[in-house]
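All residue numbers refer to positions in the sequence shown, counting from 1.
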Amino acid sequence: MIQKNEKKVSEKFEENLSYMDKILHVEENFDIICRELIIGKKRAGFYFVDGFTKDETMLKLMTSFLSVSEDQMPKDATAFSKQCIPYVEVDVIDGFDEIVRNVLSGVTCLFIEGYQACIAIDARTYPARGVEEPERDKSLRGSRDGFVETIVFNTAMIRRRIRDTNLVMEMTEAGQLSRTDVAICYLSDKVDVQLLQKIREKIEELEMQDLRMNQQSLAEAMFKRKWFNPFPKYKFTERPDTASACILEGKVVILVDNAPSAMILPTSILDMIEEANDYYFPEITGIYLKFTRILITILTVFLTPFFLLLMQNPSWIPEMFSFIEVKDAIHIPLIFQMLMLELSIDGLRLAALNTPSMLSTPLSVIAGIVLGEFAVKSGWFNPEIMLYMAFVSIANYTQPNFELGYALKFARLIMLIFTGLFNGVGFIVGTLIVFAFIAFNKTLSGHSYMDVYGK
């Protein structure tokens with residue numbers, strides 16, 4: 001929240017601008033602008049948030065201000081607002097607390113030399129995405145806007161949700177040739193200072209020609225992870241409400257120009273499987289959704305390897321669960337059936353990405369019914385294998401993080417191969433390898449990937 005401030009506007013122009021520069025962190029924030037000009041031979045300064053102001057309207061107002069002569073200048077701000085501003089929504093404010101609130105809300109505030117009040121001109125406009133909410137980050141409730149490819153609009157959407165003077169958005173560049181704009185967003189009173197300094201140093205020390213793939217290039221350059229560890233170190237979101245919530249929790253959000261998403265630091269394994277719906281429902285419902293997602297995430301990794309282990313050791317199956325055994329003749333070893341289906345599922349997914357939208361639904365039905373039915377009848381696959389592989393492929397979509405989905409898939413493949421080769425010992429070794437990948441995966445802050453507080 002903005003701290004209560006009873007300080008009043010004085011006649012001293014330099015004192016007013018100096019105080020505004022300090023309280024709004026104008027030198028640190030690239031999107032909070034102070035525009036100075038001369039009106040009737042008196043100094044004047046405009047404060048506004050870039051992305052919130054209608055450029056055409058302000059251009060016309062400034063043109064009219066420049067035509068005001070020294071003799072036409074009124075004695076106070078109230079008279080100036082009535083005689084010299086040809087606009088509808090104009091107000092006169094004398095307290096800095098209200099002035100700061102108006103600026104952070106998108107209102108343009110005008111200080112004029114010799115006036116003991118500020119003139120607020122409500123010529124704001126909020127950026128809005130012209131398309132629907134992000135496909136990969138949907139919410140049943142909440143806002144329907146999403147980040148766009150313009151970094152100024154993205155910062156404005158965060159500013160609209162967090163009207164706090166402690167919200168800082170530092171602008172820097174990355175890429176010696178591309179000089180891509182990168183914004184570091186955080187709350188100065190909540191952020192981990194050591195983590196923030198580390199992020200600044202890593203971006204400043206980057207030695208690369210360009211950010212060819214925007215955020216992904218920046219992420220790989222900031223933290224060169226081990227190639228054999230598939231688990232992601234960053235959380236990406238295309239929702240400004242999610243990014244704002246993370247900033248309010250003390251995390252750092254990085255925005256890259258031309259990228260319609262935000263990178264969140266630091267992150268943990270539990271942060272990866274969270275989604276916006278968890279916060280838009282009652283607490284008990286959110287806890288249930290998180291528990292369900294965690295349970296299904298675990299099943300996507302261990303279900304098929306554990307089933308393969310039981311099929312290799314039928315004597316381990318309790319009598320009450322004897323129905324899970326494969327009844328039909330096995331023409332191809334189960335391990336090869338599972339591996340082929342893993343590749344086939346990815347093939348169908350890639351085909352769906354390149355299929356025209358009007359044909360995607362009928363082709364999906366054909367692929368699911370015709371190919372699945374004839375694959376079983378031809379003897380290539382057993383029905384039980386098709387069932388369990390269909391479950392894990394669908395369950396992969398219960399969590400919104402695309403990178404984590406493939407990391408879980410690679411973990412499942414490791415466990416399948418080890419279980420198929422070494423039976424029970426292989427299952428245990430595969431489980432230990434998966435847990436080692438998670439436990440020893442360090443975040444940018446140097447803390448454990450399993451740190452539930454994301455520090």
Side-chain angles (χ1 to χ4, degrees), residues 30-31 129 131 134-137 146-158 168-186 191-192 195-240 242-243 246-247 251-269 271-272 346 349-350 353-354 399-410 437 441-447 449 454:
F30 82 97
D31 59 337
R129 190 181 181 98
V131 296
E135 287 292 329
R136 287 286 303 175
D137 217 354
F147 285 128
V148 293
E149 286 72 20
T150 305
I151 192 171
V152 175
F153 286 177
N154 294 340
T155 56
M157 281 189 277
I158 295 178
V168 178
M169 296 187 178
E170 298 181 11
M171 174 62 79
T172 184
E173 291 181 350
Q176 298 175 2
L177 293 180
S178 63
R179 295 184 178 274
T180 306
D181 290 331
V182 178
I184 306 173
C185 314
Y186 60 91
V191 70
D192 184 345
L195 172 63
L196 178 61
Q197 185 61 29
K198 192 171 184 178
I199 293 174
R200 288 172 179 162
E201 292 174 355
K202 283 187 173 293
I203 294 178
E204 292 174 358
E205 295 172 358
L206 291 179
E207 296 181 359
M208 53 191 312
Q209 294 296 317
D210 54 68
L211 298 183
R212 300 182 181 181
M213 305 309 295
N214 296 322
Q215 282 180 331
Q216 186 60 31
S217 299
L218 180 65
E220 293 178 357
M222 288 178 60
F223 200 107
K224 298 184 181 299
R225 64 184 181 186
K226 304 295 183 181
W227 65 268
F228 53 81
N229 194 328
F231 286 91
K233 296 182 179 293
Y234 305 95
K235 179 180 179 180
F236 294 93
T237 181
E238 297 183 30
R239 299 184 61 91
T242 300
C246 292
I247 292 175
K251 297 185 179 182
V252 179
V253 169
I254 299 178
L255 299 171
V256 180
D257 199 20
N258 297 317
S261 59
M263 184 165 59
I264 301 171
L265 294 170
T267 189
S268 67
I269 186 65
D271 293 326
M272 289 291 182
D346 278 335
R349 182 182 298 178
L350 293 174
L353 289 175
N354 297 302
Q399 49 84 23
N401 192 286
F402 189 79
E403 293 85 356
L404 181 60
Y406 268 102
L408 297 174
K409 180 185 181 69
F410 295 146
F437 280 157
N441 190 25
K442 299 294 183 181
T443 63
L444 185 65
S445 60
H447 290 75
Y449 196 53

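Under the 4.5 Å side-chain criterion, counting only non-hydrogen atoms from C-beta, Thr267 is not in contact with Lys233. Here the side chains of Pro230 and Phe437 are in contact, with some heavy-atom distance below 4.5 Å. The shortest side-chain heavy-atom distance between Leu255 and Met169 does not fall under the 4.5 Å cut-off. Residues Asp181 and Glu173 have side chains in contact (heavy-atom distance under 4.5 Å, counting atoms from C-beta outward). No side-chain heavy atom of Leu218 sits less than 4.5 Å from a side-chain heavy atom of Thr180.
Here the side chain of Asp192 pairs no donor or acceptor atom with the backbone of Lys251 at under 3.5 angstrom. Proximity of a side-chain donor or acceptor of Gln215 to a complementary backbone N or O of Ser261 within less than 3.5 Å is detected.
Residues Ala174 and Val182 come closest through the heavy atom pair CB-CG2, 4.1 Å. Shown here for Val152 and Thr155, the closest heavy-atom pair between the two residues is O-OG1, 2.8 Å. Taking each heavy atom of Asp271 and Pro266 in turn, the nearest pair found is OD2-O, 4.3 Å. The shortest non-hydrogen separation linking Met272 to Pro232 is CE-O, 3.4 Å. Phe231 approaches Leu404 most closely through the heavy-atom pair CD2-CD1, 3.8 Å.
In this structure, Thr242 OG1 and Ile264 CD1 are separated by 7.0 Å, a value rounded to the nearest 0.5 Å. The CD atom of Glu149 lies 8.0 Å from the CG atom of Asn154; values are rounded to the nearest 0.5 Å. Arg239 CZ to Met157 CE: the interatomic distance, rounded to the nearest 0.5 Å, is 11.5 Å. Within the model, atoms CD1 of Ile184 and CD1 of Ile199 stand 6.5 Å from one another, a figure rounded to the nearest 0.5 Å. To the nearest 0.5 Å, the span separating CE on Met222 from CD on Glu205 amounts to 11.0 Å. The distance from the CZ atom of Arg200 to the CD atom of Glu170 is 4.0 Å, given to the nearest 0.5 Å.
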- Quick one: do Asn258 and Leu211 satisfy side chain to side chain contact (heavy atoms under 4.5 Å, CB included)? Show the steps, please. CA-CA 10 Å; Asn258 297 317; Leu211 298 183; over 6 Å; no
- Task: Quick one: do Tyr234 and Ile254 satisfy side chain to side chain contact (heavy atoms under 4.5 Å, CB included)? Show the steps, please.
- Result: CA-CA 11 Å; Tyr234 305 95; Ile254 299 178; over 6 Å; no
